[in-house]
Amino acid sequence: MSDLRDAAMRSKAWPFEEARRVLKRYEKAAPEKGYVLFETGYGPSGLPHIGTFGEVQRTTMVRRAFEILSDIPTKLICFSDDMDGLRKVPTNVPNQEMVAEDLHLPLTQVRDPFETHDSFGAHNNARLRAFLDSFGFEYEFASSTDYYREGRFDSALMTVLERFDKIMEIMLPSLGGVEAERVNTYSPFLPVSPKTGKVLQVPTLERNVEKGTIVYEEPDGERVELPVTGGNVKLQWKPDWGMRWAALGVDYEMYGKDLIPSAELSSKICKALGTKAPELYNYELFLDDKGTKISKSKGNGLSMDEWLTYAAPESLSYFMYQKPKTAKRLHFDVIPKAVDEYHQQLRAYPDQDLDKQLANPVFHIHGQDVPQSDMVVPFAMLLNLAAVSGAESKDRLWGFIQRYAPDASAETHPGLDAAAAFAVRYFHDFVAPERTFRAPDAKESAAMEDLAARLKAWDGGLDPEALQSVVFAVGKEHGFEPLRDWFKALYEVLLGASQGPRFGGFIALYGIDETVALIEKGLAGELAV
C-alpha cells in the first residue's frame with residue numbers, strides 16, 4: 001500500500017472518514033455493478049443555489065477520497081427530480097401567471113417562465129449543469145423524466161407494486177401533522193393523468209400485479225387503469241428516493257439535516273425492495289443573513305452566480321469544505337473571510353507533512369495538484385485599499401500593489417489580478433453603503449497626531465512588521481487599554497468600519513505619505529462628513 005493510501009486510511013479529515021464507510025461496504029467483495037455509485041439529488045422547482053452546488057462539491061470530495069483508498073471505479077450521478085409536479089409558483093421567476101396555469105404538471109411540462117428552454121425543468125437543469133461544468137465536476141446528469149419514460153425504473157416499479165402493502169406499512173405511520181388527513185387516501189403511486197398531464201395525488205383503488213397496473217379515479221370521476229411502467233406514474237418522493245437507491249444501486253448520498261426523517265423512511269423502503277440502503281450523511285443547513293434556511297423557491301441567501309461575482313470559485317469550494325455538520329450563514333459577508341483563509345491554506349500546504357496535507361482543505365479541493373497562491377496582498381487588505389483610494393477599477397489598486405510588491409503584475413499574478421477586480425466590485429456593492437466614519441475624541445486625536453508625525457519622519461522603508469511596531473508603540477504610549485481600542489479607533493475614524501487589516505501592512509501597501517494624508521483628513525473631520 002502506498003504512503004498516500006496509508007495516510008488516507010488514518011486521516012481524520014471528514015471526506016476520508018466518509019470514504020472509509022463506503023469502502024467497508026465492499027470489504028468482502030467488489031460491487032456486482034462494477035463501480036461504487038455516489039449520488040446527489042436536485043429538485044428543479046426553483047433556481048439552483050449554492051446549497052445545491054455544495055452537495056455536489058462535498059460528495060465529490062468523498063468520491064475523490066474513496067479513489068485514493070480503493071481501486072474500485074466510481075461514478076457520480078446528479079439526479080434531477082424533474083418529473084415532480086409543480087406545487088407552487090416560485091417567487092423569483094418572471095411570467096408568474098403563466099406558471100400558475102401549469103401547476104401540478106411535471107416540471108418538464110411546465111412552460112419556461114424565462115422563455116429560453118422547452119420547460120421550466122429544462123431551464124433549471126441547464127442552469128445547474130452549466131454551473132457544475134464550470135467547476136469541472138465529473139458527473140453524469142440524470143433526469144427523472146427520462147429514467148421513468150425510458151423504462152429504467154420499470155423493474156423497480158414492478159417490485160413496488162408487488163410490495164405495495166409493505167411500503168404502505170412503512171409510510172402510513174409517518175403521515176402525522178399536516179399529512180394526517182392523507183392516511184385514508186395515500187398511495188406511493190402518483191398517476192400522470194392521460195387527460196390533463198398533471199401529476200395526481202389520488203388513492204390507488206385497485207392493483208393488478210400480473211398486469212403491472214393500478215386503477216385510480218380522475219377528478220371528473222372516471223376510473224382509469226394505468227401501467228406503473230413507462231412513465232405513466234411516478235412515486236411519491238420518499239418512496240421514489242428509496243426506489244431510486246434500489247434501482248440504481250446507490251452507495252452514498254448526502255442530504256440536509258431537515259430530511260433526516262425522510263431519509264430514514266427511504267432507507268426502509270429501499271430495504272423492503274430487497275436492496276441495502278446507501279451510506280448516508282446529513283449536513284447542516286445554510287442560512288441567510290437573518291438566520292433563515294435558504295430556499296430555491298424564495299431565492300434568499302446567496303446564489304452561485306452572486307458568489308462568483310465577488311470571488312474566485314475556489315473560495316466557494318473552501319467554504320463548502322468547512323464543518324459540514326455546522327450550520328453556516330451563507331451571505332455576502334462570508335466571502336472575504338473565505339477568500340483569505342483559502343489562500344492561507346494554500347501557502348501552508350507545501351511545508352506540511354503528508355498527514356497535515358491530507359487534512360488541509362486545499363487537498364480536497366484540488367487533489368494532489370495543489371496550486372501556489374499568488375495573493376501577495378490579502379483580499380481584506382484589497383478591500384480597504386479600494387476604500388481609501390476610491391478605486392473604480394483594479395488598475396488603481398495595481399498602482400499601490402506594485403509599489404509594495406514590485407515583481408508582481410497582472411501577468412505573473414493572475415489570481416491577485418482577479419482578486420483586485422473582485423475587491424473593487426465587492427467594496428462598491430457592500431462595503432461603501434455600510435461605512436460610517438466618526439470623528440476622533442481628544443485622546444484618539446493626540447495619538448493619531450503622534451502617529452502621523454512619526455510616519456512623516458519614518459525612513460525605515462515599507463516593512464509591514466516594522467510599521468506595525470510603530471503603530472503598536474503609539475497606542476501603548478497613549479494609554480490605550482486594551483490596545484485593540486486603539487486599532488478600533490483607527491478603523492472607525494479612517495476606514496469607516498469597526499475592524500480592519502493589520503495597520504502596519506495597510507500603511508506599507510497604501511504608502512507612508514498617503515497614510516499621513518488620510519490621518520490628517522480624519523483629524524480634520526473631512527472623512528466623517
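In what follows, residues are counted from 1 in the order of the sequence shown. Every heavy atom of this structure was used, including side-chain atoms; hydrogens, water molecules and symmetry mates were not. Owing to the predicted nature of the structure, the values given are computational and were not obtained by experimental measurement.
- A donor-acceptor contact shorter than 3.5 Å links the side chain of R20 to the backbone of S11.
- For the residue pair Y342 and Q344, no side-chain donor N or O sits within less than 3.5 Å of a side-chain acceptor on the partner.
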*Check the pair F430, Y426 against ring pair (Phe, Tyr, Trp, His ring centres under 6.0 Å), reporting the backbone distance first and the verdict last.*
CA-CA 6 Å; F430 299 109; Y426 188 95; 5.1 Å; yes

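- Minimum interatomic distance between V224 and P194 (heavy atoms only, all atoms of both residues): CG1-CG, 4.4 Å.
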Indicate every side-chain donor-acceptor pair of residues 269-282 with a distance under 3.5 Å to a residue at least two apart or in another chain.
unit_1	atom_1	unit_2	atom_2	d
E279	OE1	R21	NH1	3.1
E279	OE2	R25	NH1	3.0
N282	OD1	K325	NZ	3.4

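- Inspection of the Y283 and E55 side chains reveals an N or O donor paired with an N or O acceptor under 3.5 Å.
- Contact of the V62 side chain with the M254 side chain is registered, since non-hydrogen atoms from C-beta on lie closer than 4.5 Å.
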*asked:* Could you walk me through whether F53 and F137 satisfy the ring pair (Phe, Tyr, Trp, His ring centres under 6.0 Å) test, starting with their C-alpha distance in whole Å, then the side-chain angles of each, then the deciding distance to 0.1 Å, before giving a yes or no?
replied: CA-CA 10 Å; F53 161 75; F137 286 121; 5.6 Å; yes

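- Under the 3.5 Å distance criterion, the side-chain polar atoms of D102 are matched with a main-chain donor or acceptor of R111.
- In this model, a donor atom of one side chain and an acceptor atom of the other lie less than 3.5 Å apart for S143 and D82.
- Between Y147 and F79, the gap from one ring centroid to the other is short of 6.0 Å.
- With a 6.0 Å radius and a threshold of 12 heavy atoms from other residues, nucleotides or ligands, K195 has its NZ atom above the threshold.
- Among all heavy-atom pairs drawn from D258 and P261, the shortest one is O-CD, 4.0 Å.
- Each of Y139, Y252, W245 was evaluated against F38; a single residue qualifies, Y252, per the ring-ring contact (aromatic ring centres under 6.0 Å, His included) test.
- Put simply, the side chain of T185 never gets that close to the backbone of V202: no donor and acceptor are under 3.5 Å apart.
- Salt-bridge formation is not detected for the pair D6/R10: no Lys NZ or Arg NE/NH1/NH2 atom is positioned less than 4.0 Å from an Asp or Glu carboxylate oxygen.
- Salt bridge annotation for K234-D81: absent, with no cationic side-chain nitrogen under 4.0 angstrom from a carboxylate oxygen.
- Within 6.0 Å of the CD atom in Q372, the count of heavy atoms belonging to other residues, nucleotides or ligands does not exceed 12.
- In plain terms, the two heavy atoms of N232 and L226 that are nearest each other are O-CD1, 3.5 Å.
- The environment of K166 atom NZ is sparse: at most 12 non-hydrogen atoms of other residues, nucleotides or ligands sit within 6.0 angstrom.
- Comment: R58 does not engage E18 in a salt bridge, judged by the lack of any side-chain N to carboxylate O separation of less than 4.0 angstrom.
- A donor-acceptor contact under 3.5 angstrom links the side chains of S315 and W307, judged on distance only.
- Between E169 and K268 there is no salt bridge, since none of the side-chain N atoms of the basic residue sits less than 4.0 Å from a carboxylate O of the acidic one.
- No salt bridge links E284 with K323; every basic N to acidic carboxylate O contact stays at or beyond 4.0 Å.
- At least one donor-acceptor pair under 3.5 Å links the side chain of D251 to the backbone N or O of L37.
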